[in-house]
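A quick write-up on the structure given underneath.
Letters A, B, ... are given to chains in the order of the sequence lines, protein chains preceding strands, and every chain is numbered from 1.
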There are 2 protein chains.
Amino acid sequence: MRPDKRQAILRGALSVFARDGYSRASIDGIAKEAEVSTRTLYNHFADKADLFRHVIQTSANEAAQDQIHLIERHFHKITDLEQDLVEFGKAMGAQLGHAEHFALVRQINAELTHIPAEAIEAWLDTGPHKVRKALAGELEKLGFRDPKRAAIHLLVLTLTGDPAIRGSRPDDDDIAAGVKVFLHGHDVENRRTAAT
Amino acid sequence: MRPDKRQAILRGALSVFARDGYSRASIDGIAKEAEVSTRTLYNHFADKADLFRHVIQTSANEAAQDQIHLIERHFHKITDLEQDLVEFGKAMGAQLGHAEHFALVRQINAELTHIPAEAIEAWLDTGPHKVRKALAGELEKLGFRDPKRAAIHLLVLTLTGDPAIRGSRPDDDDIAAGVKVFLHGHDVENRRTAAT
DNA sequence: CATTAAGTACCACGAGCGTTGTACTTTGGC
DNA sequence: GCCAAAGTACAACGCTCGTGGTACTTAATG
């Protein structure tokens, strides 16, 4: 069982599941996208549901890792908090541009009642919750009270374009405005600058 | 073509589409849920896609109307802004409990690439955007600068529980914290109270 | 009551899909 | 270069589904 084939399958399945969702996606389509025969697909994964679970896990893991790197990079060289948070927001927004993963997140949200609770838990733990924990940790270091909620607030204020459409990207003005609201809303003791 | 049957179909279809999504939902299942024969269903709606469009429109319309009523009711008797916004947030959160509509919204988000753009536009206009406009209008009356963004911020700060799971309900503490951040973030000239 | 529009029960079709089996080919380690 | 393991091509199964047809029943109107 060659691991390159397995990776190709996972990547192809991510594409197709993200675009079409679980039920609309067909095994044949995934196999074609991955340039693999359906038989090898079934050699690597027990069935469609099993493949879906692995795709979710893999994608969540990669995205979380990328985002955590972004967090570390941006929070280790804070000079002007507001300006740096805006930069951070823009960088996270650019991540959103890497659309496949977030389309998959939309599919997961739609399928919530059809995915076993334990798979959801696993996804949350290795994905979004891990990211939020990392962000909350950085905010705590900066002196934010209630860092867990602050992390959520920062994310929704800077990553939400049109709240009706998940994953719609805010423009730079939206991000700047969101950061401002966030900073005025969460008072910090050791804020270094409050300028602009 | 009796209109009670049409309504029954729309209600049943809402249930099934909300739970299963477009492709997983079956016409037979919808007909059974609506206690109607599939043939009458096809007598009222051209095909599955047509039915889906009507379900989206109807549900968005009803939900928007309910929410706009909520907005009017809460914003016409403002005495303590913070406390009243918390009450408003709780009332909106309770709306979220009426789960079928918001499950449908998740399905729409998942199907974004498979729904014709004009249908999305129509949905946004009669649904979420109308609600936001109403909310922004009230906030403007209260003296908020940038009321459009304020409306978005208020909604995401008070209606978001776990951002990873759309429609997850925040608890009362979350709502109170969200309102506080919102009010500190958006400075108002004629704020009446800033207590608690 | 009669007529007519609307609804129902049921069948049938064609297509797509998940999944498996089989016989053949490729590939990587000895 | 050989052999076992992995991959491929392809056919076939059983099932579900969207959709339309047809003959029968219900219900409302004059």
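- Rounded to an integer number of Å, the gap from A:Tyr42 OH to C:dG21 P is 12 Å.
- For D:dG7, one of the phosphate oxygens OP1 or OP2 lies less than 4.0 angstrom from a side-chain nitrogen or oxygen of A:His44.
- Rounded to an integer number of Å, the gap from CD of B:Glu35 to P of C:dA9 is 11 Å.
- One atom, CG of A:Asp28, and another, C1' of C:dA15, lie 13 Å apart when rounded to the nearest Å.
- Rounded to whole angstrom, the span from the CZ atom of B:Arg24 across to the P atom of C:dG16 amounts to 20 Å.
- Checking side-chain atoms of A:Arg169 against main-chain N and O of A:Gly93 turns up a donor-acceptor pair under 3.5 Å.
- Remark: A:Lys48 is not in phosphate contact with C:dC17, judged by side-chain N or O atoms under 4.0 Å from OP1 or OP2.
- The CZ-P distance, from B:Arg39 to D:dC24, rounds to 17 Å in whole Å.
- Between A:Thr40 and D:dA6 there is no side-chain N or O to OP1 or OP2 distance below 4.0 Å.
- A sub-4.0 Å separation between OP1 or OP2 of C:dT8 and a side-chain N or O of B:Ser37 is present.
- The pair B:Arg145-B:Asp187 meets the salt-bridge criterion, since a charged nitrogen lies less than 4.0 angstrom from a carboxylate oxygen.
- Using a 4.0 Å heavy-atom cutoff across all strands shown, B:Ala31 reaches no nucleic acid atom at all.
- Looking at heavy-atom distances under 4.0 Å, A:Ser26 makes contact with sugar-phosphate atoms alone, never a base.
- Taking the centre of each ring, A:His54 and A:Phe45 come in below the 6.0 Å mark.
- Between the side chains of A:Asp146 and A:His186, no donor N or O sits under 3.5 Å from an acceptor N or O.
- Donor-acceptor pairing under 3.5 Å, judged by distance alone, is absent between the side chain of A:Arg2 and the base of C:dG28.
- For B:Leu41 and D:dG20, the CG to C1' distance is 13 Å, given to the nearest whole Å.
- In summary, of the residues considered (B:Arg166, B:Arg24, B:Arg19), a salt bridge (charged side-chain N to carboxylate O under 4.0 Å, His left out) with A:Glu111 occurs for B:Arg24 alone.
- Of all nucleotides listed (D:dT19, D:dT8, D:dG7), D:dG7 comes nearest to the side chain of A:Met1.
- The separation between B:Asp47 atom CG and D:dC17 atom P is 17 Å, rounded to whole Å.
- Straight-line distance from the CG atom of A:Asn43 to the P atom of D:dA9: 15 Å, rounded to whole Å.
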